[in-house]
Amino acid sequence: MHSFLLTSVCLSLIFARKAVASVAYCNNQDFESGALGVSPSQTYEAALYRPVQLNYALPPDDCPANSQIEGYFFFAPEGPVAMQGGGLIMNPNGTMIYSASAFQPSFLRGLQSYNNSDHVAIWIGDGSPVTGGHGSGYNLLLDNTYTVVANFTVKNLGVGADIHELQITSNNTAVMTAYPTQAANLSAFNGPSDGYVLNCAAQEVDIATGQALFTWQPLNYVDPSECYAAIGEAGSGTADDPWDYFHINSIQKLDDGNYFISSRHCHTLYLINPAGDILWKMGGMKSDFTFGQGANFSWQHHARMHDTNTISVFNNGASTFDQDFPYSQGLLLNFDESAKTVTLNNARSPFNRTVTTSQGSVQILDNGDSFVGWGDMPYFSQHDSSGNILWSAQFAPSEQEVSSYRVFLHDWVARPAAPPSMSISNSSSGTNAVVYAWWNGATEVTAWQLLGSTALTPSRAETLNVVNKVDFETTLTYNGTRRYQNFQVAAMNANGEILEYSSFTSLDGITSPKADNETVTAAPLN
Ligand SMILES: *[C@@H]1O[C@H](CO)[C@@H](O)[C@H](O)[C@H]1NC(C)=O
Ligand SMILES: *[C@@H]1O[C@H](CO)[C@@H](O)[C@H](O)[C@H]1NC(C)=O
Ligand SMILES: *[C@@H]1O[C@H](CO)[C@@H](O)[C@H](O)[C@H]1NC(C)=O
Ligand SMILES: *[C@@H]1O[C@H](CO)[C@@H](O)[C@H](O)[C@H]1NC(C)=O
Ligand SMILES: *[C@@H]1O[C@H](CO)[C@@H](O)[C@H](O)[C@H]1NC(C)=O
Ligand SMILES: *[C@@H]1O[C@H](CO)[C@@H](O)[C@H](O)[C@H]1NC(C)=O
Ligand SMILES: *[C@@H]1O[C@H](CO)[C@@H](O)[C@H](O)[C@H]1NC(C)=O
Ligand SMILES: *[C@@H]1O[C@H](CO)[C@@H](O)[C@H](O)[C@H]1NC(C)=O
Ligand SMILES: *[C@@H]1O[C@H](CO)[C@@H](O)[C@H](O)[C@H]1NC(C)=O
Ligand SMILES: *[C@@H]1O[C@H](CO)[C@@H](O)[C@H](O)[C@H]1NC(C)=O
């Protein structure tokens, strides 16, 4: 999969690049039919990124401006035909804010609060949920300058953290999933007596020291006979293809110190105390709770407890080998811990009424709306507080194997520590120049300045042009009689202040540092 990604980037270098418009499509049938390609993507004149293109299958009223969508999309398109791996932050109008393609292969996990400020969370490792591999790697936290401030994984499990979960707790510890293999006699389950099982783990780690604070693995607590994925359906039980009987896919450490764990293959949400004991089971064969109409789930993802009687969960309702519900839904459930009942608060249905056999997420937004990622179906959607769909966007045709494990909508203000990038078109001269400017990850830029220096060793630069930024990359031109040898760009914010200068680039492509006095004029982010 990743060698394909490299190939596609190289091809775009060999053949003449033609930038493809970035603004989102609105109800474009050719996008859905595949007429625009298996993974419609954006290209730029000079910046070497190929983010996916968005199509609003169910558009907001003012598509493609989509001005009522507040925040940015954080997601990570993956799959055999997905154009560029790694995470993306995107403006609701389809233009890119940030590509995490420097981290490969990786998943963007959205924002998490660490030391009281938002950080971009990224998982890096090998394996892909699409191919059935769970991955073994580590997690990074990037601050609002995209500087890596933490790099951590699980401890003493023989494998690294996998893609399924990362939660930074209110105590700044990290809760993660991992998928170690363990030898087991599986003859009671129609498997080999010298078999192997994935005894997947929930682990809490102290980020600063890397020490494991809590480790829980299901085999000591949940008998495989309580689960729904038989040997043959989720692994054959051999060393190469261990049986994934439990399949942990979300963990949330609660403020009272208990852990809320989702097992996809046992159709159960577990409440576990710090000693590892199961306090209750919600769903599945041994449920302690009874379910009201529409409140049950199977093959579920991304369970989150919001208070002592509300849970959100993505009900896949199907796997690749089973289907219990006509289509997947994002559920908001009410539960009563003493009466042991679960009732449906409301449900979010997909625009396309499809089942999603893997992955998926439900994010409850501050205003009571919610944001649903449809996992294996390359869609996400926003819903009002009753669950009604407001709009739905896709990032690949439905039939293609492009997915995003989870998708988030977050506000974000960031100013990269790395300076802005620029490139001079090779047809430029000192009196007739075309310059491309971009700054991967910057959220505050509203305009770009083009500056020129006549000196061979650039220092004194003059402003030649100012162009509003409407896309990730901005084209700036200079046409005049004065001849410049070096060019530079400066990113400007909405107040007309300069945020940062690029280095100088000469007409023959040689870069020189910016001058000492070209300092940031806008107040720094805190
Ligand atoms: C976060 O806080 C912890 C504990 O207060 C401290 O050790 C660590 O250096 C902080 N990390 C960052 C990136 O600020
Ligand atoms: C994170 O740590 C791992 C080793 O634990 C190392 O291989 C990797 O390069 C680090 N990544 C970053 C981005 O710091
Ligand atoms: C495996 O377990 C079965 C019972 O489920 C038992 O009969 C058999 O002896 C065990 N085999 C080994 C090698 O322990
Ligand atoms: C944070 O630490 C306190 C004190 O040890 C503990 O009571 C609380 O449960 C912890 N919360 C989380 C989410 O870890
Ligand atoms: C969900 O509950 C309904 C009754 O409300 C029942 O018919 C159905 O079988 C249940 N589905 C699963 C997967 O438990
Ligand atoms: C809905 O999804 C199916 C695939 O499951 C696809 O064939 C169809 O074109 C989609 N329709 C729309 C309107 O997106
Ligand atoms: C400019 O670059 C293009 C594409 O890389 C190439 O085809 C062309 O020959 C170059 N022109 C000059 C004058 O170098
Ligand atoms: C400025 O020069 C560039 C490069 O030769 C050219 O493409 C562009 O059309 C010119 N613009 C104007 C307004 O003359
Ligand atoms: C910036 O410093 C350079 C020398 O490093 C000087 O030539 C130039 O005039 C200065 N520019 C401004 C705006 O002060
Ligand atoms: C996309 O939205 C951003 C932020 O609202 C705006 O600055 C930009 O001009 C828009 N781009 C297009 C092509 O509409």
Side-chain angles (χ1 to χ4, degrees), residues 19-26 42 44 53-54 60 62-73 86 89-97 100 102-106 120-126 136-143 146-155 159-161 205 207 210 228 264-268 282-287 289-300 313 315-319 322-326 328-329 331 333 341-344 347 355 411-413 442-448 467-475 491-494:
V20 172
S22 302
V23 71
Y25 295 108
C26 304
Q42 309 180 37
Y44 305 102
Q53 188 97 35
L54 297 185
D62 65 339
C63 191
N66 307 326
S67 56
Q68 75 276 41
I69 304 174
E70 282 178 36
Y72 300 115
F73 305 140
I89 304 177
M90 270 196 172
N91 196 300
N93 66 11
T95 60
M96 185 171 79
I97 298 288
F103 302 106
Q104 284 278 19
S106 68
V120 177
I122 291 179
W123 176 87
I124 304 194
D126 52 38
S136 173
Y138 52 92
N139 287 290
L140 303 176
L141 296 177
L142 281 59
D143 67 11
Y146 299 93
T147 302
V148 175
V149 300
N151 175 355
F152 50 91
T153 189
V154 294
K155 190 107 177 167
V159 291
V205 163
I207 294 176
Y228 297 83
R264 178 189 189 228
H265 290 178
C266 309
H267 301 183
T268 304
M282 183 186 288
M285 290 181 201
K286 296 273 176 76
S287 183
F289 289 78
T290 56
F291 288 83
Q293 182 70 37
N296 57 351
F297 46 79
S298 67
W299 311 106
Q300 79 285 344
V313 63
N315 177 27
N316 294 75
S319 65
D322 179 43
Q323 183 168 356
D324 307 312
F325 292 83
S328 306
Q329 287 186 316
L331 302 179
L333 303 175
T341 55
V342 186
T343 53
L344 179 68
V355 290
D411 290 329
W412 179 231
V413 181
T443 61
E444 303 167 286
V445 186
T446 58
W448 286 97
V467 174
N468 285 337
K469 173 184 181 286
V470 297
D471 198 351
F472 179 75
E473 183 187 76
T474 301
T475 303
M492 296 166 73
N493 70 9

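Numbering of ligands and ligand atoms starts at 1, following listing order. What you see is a predicted model; the values in this text were computed from it and never measured.
Between Trp299 and Arg264 the shortest side-chain heavy-atom distance falls below 4.5 Å. Phe152 has its side chain within reach of Leu141: a pair of non-hydrogen atoms, C-beta onward, lies under 4.5 Å apart. Within the 4.5 Å cutoff, the side chain of Tyr25 has no heavy atoms near those of the Leu54 side chain. Residues Gln300 and Leu331 have side chains not in contact (no heavy-atom distance under 4.5 Å, counting atoms from C-beta outward). Looking only at side-chain heavy atoms (C-beta outward), Tyr44 and Met96 come within less than 4.5 Å of each other.
Here the heavy atom of the protein found nearest to atom 9 (O) of ligand 10 is Val470 CA, 3.4 Å. At the top of the distance list for atom 1 (C) of ligand 2, counting protein heavy atoms only, stands Asn151 ND2, 1.4 Å. When only non-hydrogen protein atoms are considered, atom 7 (O) of ligand 10 lies nearest to Lys469 O, 4.1 Å. Closest protein heavy atom to atom 2 (O) of ligand 10: Asn93 ND2, 2.2 Å.
Contact annotation for Asn91 and ligand 10: only side-chain heavy atoms (C-beta onward) come within less than 4.0 Å of the ligand. By the criterion of a heavy-atom distance under 4.0 Å, the side chain of Phe325, and not its backbone, is placed next to ligand 5.
Contact annotation for atom 12 (C) of ligand 2: protein present (non-hydrogen atoms, distance under 4.0 Å). Of the protein's heavy atoms, none falls inside 4.0 Å of atom 5 (O) of ligand 2.
If you take CG on Asn151 and CG on Asn139, they are separated by 8.5 Å, rounding to the nearest 0.5 Å.
Taking a 4.0 Å cut-off on heavy atoms, Phe297 fails to register as neighbouring ligand 5.
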Derivation of the side-chain contact (heavy atoms from CB on, under 4.5 Å) call for Phe297 and Val342: CA-CA 11 Å; Phe297 46 79; Val342 186; 5.7 Å; no

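Any N or O atom pair closer than 3.5 Å counts here, and Asn296 shares at least one such pair with ligand 5. Residue Thr95 has no nitrogen or oxygen atom sitting less than 3.5 Å from a nitrogen or oxygen atom of ligand 10, judged on distance alone.
Listed by number with element, the atoms of ligand 2 under 4.0 Å from a non-hydrogen atom of Tyr138 are 1 (C), 8 (C), 9 (O), 10 (C), 11 (N). Every atom of ligand 5 with a heavy atom of Asp324 under 4.0 Å away is listed here by number and element: 13 (C).
Between Asn316 and Ser328, the shortest heavy-atom contact is O-OG, 2.8 Å. Of all heavy-atom pairs between Gly210 and Lys155, the closest is O-CD, 3.3 Å.
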